[in-house]
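These notes concern the structure reproduced below.
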Amino acid sequence: MREQIGKVTIYHSEQAGAEAASASMEKKTLYDIVSRQKEADYHAAIINAKSWPVMYQLAEPRANVIDWLDVIPGGKALEIGAGCGTLTGALLKKGLRVTAQESDPDYCRLNAMRHDTSDGLTLYAQPFSVCEPLLPCDFDYVFAVGAQADVPAGEFLKKIVKHLKPGGLLILATENKFGLKYWAGCAEDRTGIVFGGLERAPKTNGVPPCTKEGLQRLLADAGFVKPQFYYPYPDYRFALEVYSDERLPKKGELSYNIANYDHDRLILFDEQKVFDTIIAEGQFARFSNSFLCFAKPAGAVSEAGDTDITGGVLYTRYASDRARAFAIRTDIKKIKSGHNKKEEKLVVRKFPLYEAGAAHIRHIASACEKLSAQYAESGLLFNDCQLREHGGVYAEFTFLRGESLLNRVEQAVAEEACDTVYGILTKMVQYIRSDKNSMPFRETAAFTEVFGAVPEGALPEDLPCSAVSDIDLILPNIFVDGEGNWNVIDYEWTFFFPVPQNFIIYRTLFFLAHENPDCPMLAMEKLLNFAGITEGEAAAYEKMEAQFQRYVTGNVPPYREMVNLLERKFFHVAELKADYDRIAAQNELLKGKGFWKFARKLKRVIGRGGPRP
């Protein structure tokens, strides 16, 4: 049975074609958002809905895991388990012609409604086993991102091979059953069972959660060769970063681990600290929470097979929890250079995620020029930025090798070298205050738009400011090269109006203290005293920072706050044990004071109708 929504054709099973929309509250909300809202307004609607199914089906960051890929425009793609079409939209924007399978008819209709002007989309509202014989066998790409088909994994992958043209590519994303979050107390994604995938093989079709070695065996048995692995973090569902074997995470990078939007969880240990240990031991690939895998069938090579779908990208990071004007993607990319393009070098590129972000990218390039001029005599260097317009605007930077100031400080903290820590911070403060053309602070309209109005008397009079203010001079953004030079690698948040230099110093110290909450030498009170910033001044900066964060996010709560909005619970096992021990100790104490003996005597007295005269 065939249904037409705009330019999109949906093929239904006979019994499903005439079904009305489901009456579930989640689906009613989905239909309401898709029918009434523009894609640009989905974020606010999702936050207001406070529903995990709605977030999972509509939130644009779902597509981060594949959005960065370099596909052939005009190529044919099969998407399995398309849901309501968030990944479908990303594939269509890349110029692919998409055939999408989704067994839920309502989800297919929602997908069609979202992309009703596209003439490159066909939908099958049928189980995979039903529509698979009807699908063509000349796809350049098959996307199976968390796909749960109605056939076992081995059979599922063998069927996919049949529908790829020679040398076509499978793009597969799935959970790692040995992912650290499952050891740490997160429920298994598909079953909702804590330790479910660790204790037993989950009963699920499609590609189940499996180890890297297990996935390699499944692919080899199905006829795929030499799979290439990438590692989405925190997982493939809402990836913020994607790592590769050539660019694995470094100590301190994996700090966003409370991402259990779908279930409550236990907290058995500090995942960031354990990840740091795993990284030091070279075991990250074994314990990554999920995998993104590219695999080709054995055989001849086609146009699609000749093209590296990663485009040489070794690492990508998404800043998608922002207003659309500031949402960007940052890649570390390997490119050909030198004579006859035979040499390879690494570059860093920043791309706007939406058209509205092009001005922000151009602003970054302008900031590089202005900051370099302002700090020319100080010795503080700013990584070179070139504005490119090829295929859309982006900013390109030199890939700098060196050690971040944060690493140096944390190493000194570990060695209890207080003088070294404060020596680095003293130099940092000197750089920030080195502008010879500084001016006294006066609140401007541009300042108020970003940081809010400062109450009268909240800040000391005539605070020094610079005309160009990089407020993100935090330690992770400064690398020390082999010659000892300090290089600022990220100056995205630079403003061309006066901002108190002490606010920049405050942010540097605040984030350092926040990352080291148990370190006495980095207590915020001590750091503020070192910088000569009073408590009252710091309170004003705290409010400025809160307003700045609202400015960046467009005054819409970021998706990371959905964990709280969904009221997910966290059960910290160490705290639960402490509570148990305290109660047990109280009981023992009461026993020692004869409380239970007294209680029994009182019960007997009450049973006789009162005390004896």
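We number each residue from 1, following the sequence as shown.
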Next on the checklist: Checking Lys94 now: which residues fulfil salt bridge (charged side-chain N to carboxylate O under 4.0 Å, His left out) with it, not counting sequence neighbours?
Outcome noted: none
Checklist entry - Taking atom types as modelled, is there a side-chain donor on Tyr182 or Asp189 under 3.5 Å from an acceptor on the other? => result yes
Next on the checklist: Is there a side chain to side chain donor-acceptor pair (under 3.5 Å) between His263 and Glu188? Walk through the geometry before answering.
Outcome noted: CA-CA 9 Å; His263 301 102; Glu188 204 276 329; over 6 Å; no
Item to check | Cation over ring face, Arg568 and Tyr261, 6.0 Å, 45° | outcome: no
Item to check | Identified side chain to side chain contact (heavy atoms under 4.5 Å, CB included) partner of Asp470 from the options Leu380, Ile504, Val488 | outcome: Val488
Checklist entry - So do the side chains of Phe447 and Arg442 get within less than 4.5 Å of each other, counting heavy atoms only? => result no
Checklist entry - Counting heavy atoms not belonging to Arg433, are there more than 12 under 6.0 Å from its CZ? => result yes
Item to check | Phe495/Phe451 aromatic ring centres below 6.0 Å | outcome: yes
Checklist entry - Are Glu396 and Arg349 ion-paired here, with the side-chain N under 4.0 Å from a carboxylate O? => result yes
Checklist entry - Is it the case that Arg388 places NZ or CZ above or below the six-membered ring of Tyr394, under 6.0 angstrom from the centre and within 45 degrees of the axis? => result no
Item to check | Within the 6.0 Å centroid threshold, strictly below: Trp68 and Tyr230 | outcome: yes
Checklist entry - When you check the side-chain N and O atoms of Tyr354 and Glu39, is any donor under 3.5 Å from an acceptor? => result no
Next on the checklist: Less than 6.0 angstrom separating the ring centers of His363 and Trp493, yes or no?
Outcome noted: no
Checklist entry - Listed by chain and number, what are the salt bridge (charged side-chain N to carboxylate O under 4.0 Å, His left out) partners of Glu253, not counting sequence neighbours? => result Arg247
Checklist entry - Should the heavy atoms of other residues, nucleotides or ligands under 6.0 Å from CD of Glu456 be counted, would the total exceed 12? => result no
Next on the checklist: Filter on ring-ring contact (aromatic ring centres under 6.0 Å, His included), then keep only pairs touching residues 456-482, sequence neighbours left out; what's left?
Outcome noted: none
Checklist entry - Aromatic ring centroids of Tyr551 and Phe326 under 6.0 Å? => result yes
Checklist entry - Can you tell if the side chain of Glu537 reaches within under 4.5 Å of the side chain of Pro460, non-hydrogen atoms only? => result yes
